[in-house]
Amino acid sequence: MSRLHNFSAGPTALPLPALERAQRELVDCGHGASILETSHRSKTWMELQDLATSRLRRLLKVPDTHAITWLQGGASHQFAMLPLNFLSPDRSAAYVVTGTWSQKGLEEAKRVGAAVEAASAAEGGFRDIPPPETWTIPEDAAYIHLTSNNTIYGTQFAQLPERMSAPLVCDMSSDILSRPVDVSQFDLIYAGAQKNLGPAGVTVAIVRKSWLESAREDVPLILRYATHVDKDSTYNTPPVFAIYMVGCVLEWIDEQGGLGPIVQANEAKAARIYGLFDSHPEFFVGHALPRARSRMNITFNLPSSELEAEFIAAATEAGLTGLKGHRSIGGIRASTYNAISEESVEALAQFMEHFLATRG
Ligand SMILES: *Cc1c(COP(=O)(O)O)cnc(C)c1O
């Protein structure tokens with residue numbers, strides 16, 4: 001078997017042991033049927049779902065004040081669900097715009113009610129994260145929305161803010177479980193699974209139970225967080241296979257020894273690539289300012305677009321895939337999520353060194 005070094009932004013590499021477990025269990029997950037054939041009302045399913053939920057709760061240290069629920073529609077669906085639930089007509093929502101995804105979130109909120117930019121990194125080309133001291137939060141803010149890691153531009157909050165004057169909401173789609181987070185500071189955290197947690201098709205939401213009580217009620221039941229929390233994520237048929245795969249990925253994290261070793265590996269991987277930027281800044285031109293560098297999506301340019309095209313073609317040839325930058329910014333992007341191994345990152349670093357030596 002020869003697997004590629006996969007640096008795609010998502011869907012992307014999953015841990016091999018998680019894939020192999022799913023492969024072993026695909027036809028019979030232990031009760032004479034596949035998980036694909038298992039009712040979401042069965043005891044077998046509820047045990048598997050509860051196991052995934054409790055693993056996530058333990059790994060991310062989610063306190064009892066918060067509920068965990070499994071949803072569908074991706075993070076994009078959360079962009080709409082959030083204001084529908086929590087943006088009342090007499091208030092406004094504040095968005096810290098640090099990239100394409102936060103812009104999309106703001107756009108959806110504006111379709112529901114009043115929503116404003118608390119700060120924006122657009123002017124500087126989304127290379128930095130505006131520090132909280134510079135944010136303008138309306139006095140009546142219904143909530144403040146952040147994007148912890150900007151998948152497209154390759155910037156990340158080095159440190160997440162603590163509770164502010166209004167409930168704090170964070171889209172953690174591309175860095176959830178890549179580092180410890182103080183969940184108690186947030187009223188809602190959501191993340192599509194296909195970057196760092198598992199396959200596409202499921203979105204996790206971690207919501208403060210007391211905040212749910214202030215949610216709007218004039219919203220269709222299917223769009224209410226409370227509906228899904230009250231019905232234990234089985235108000236309607238959940239994406240059982242996707243949640244099962246997330247469970248397999250969380251099991252793999254446990255087998256690695258928990259979040260600690262994952263965080264260490266993520267730091268080492270990012271340091272290896274950013275080290276090349278720092279020693280050859282004229283050739284590997286990082287998009288993010290050093291203080292805002294993402295550990296999950298490493299974005300850079302080479303001295304010319306011809307060299308970039310050559311780099312991507314030669315990398316593909318060498319078994320390094322998914323390196324083309326997002327169409328909105330071009331250049332090169334290496335995504336180094338939890339499941340991307342240190343060996344893969346070392347292969348990329350050596351490829352970069354070789355490319356520099358021959359084409360620099
Ligand atoms: C990928 C991504 C999204 C969009 O996810 P979908 O599942 O395609 O809706 C939103 N926010 C961030 C930070 C992302 O990385």
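Just follow the structure's listing: the first ligand is 1, and inside any ligand the first atom is 1.
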> If we only count heavy atoms from C-beta on, is the Lys61 to Leu259 side-chain gap below 4.5 Å?
no

> Can you give me every donor-acceptor pair (side chain of residues 78-86, partner residue at least two apart or in another chain, under 3.5 Å) with its distance?
residue	atom	partner	partner atom	Å
Gln78	OE1	Tyr225	OH	2.6
Asn85	OD1	Tyr225	N	3.2
Asn85	ND2	Met81	O	2.8
Asn85	ND2	Leu223	O	2.8

> Hey, what polar pairs (N/O, under 3.5 Å) does ligand 1 make with protein?
residue	atom	partner	partner atom	Å
ligand 1	7 (O)	Ala75	N	3.4
ligand 1	7 (O)	Gln194	NE2	2.8
ligand 1	9 (O)	Ala75	N	3.3
ligand 1	9 (O)	Ser76	N	2.8
ligand 1	9 (O)	Ser76	OG	2.6
ligand 1	11 (N)	Asp171	OD2	2.6
ligand 1	15 (O)	Thr151	OG1	2.5
ligand 1	15 (O)	Lys195	NZ	2.8

> Specify whether Phe284 and His280 have parallel, tilted or perpendicular ring planes, treating 30° as the upper limit for parallel and 60° as the lower limit for perpendicular.
perpendicular

> Does a salt bridge link Glu353 with Arg272, judged by any charged N lying under 4.0 Å from a carboxylate O?
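Looking at Glu353 and Arg272, the cut-off is met.
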
> Pick from Ser294, Ser178, Ser173: which one makes a side chain to side chain contact (heavy atoms under 4.5 Å, CB included) with Asn149?
Ser294

> Take the angle between the ring planes of His145 and Tyr95 and call it parallel below 30°, perpendicular above 60°, tilted in between.
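Ring orientation, 0 to 90° scale: parallel.
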
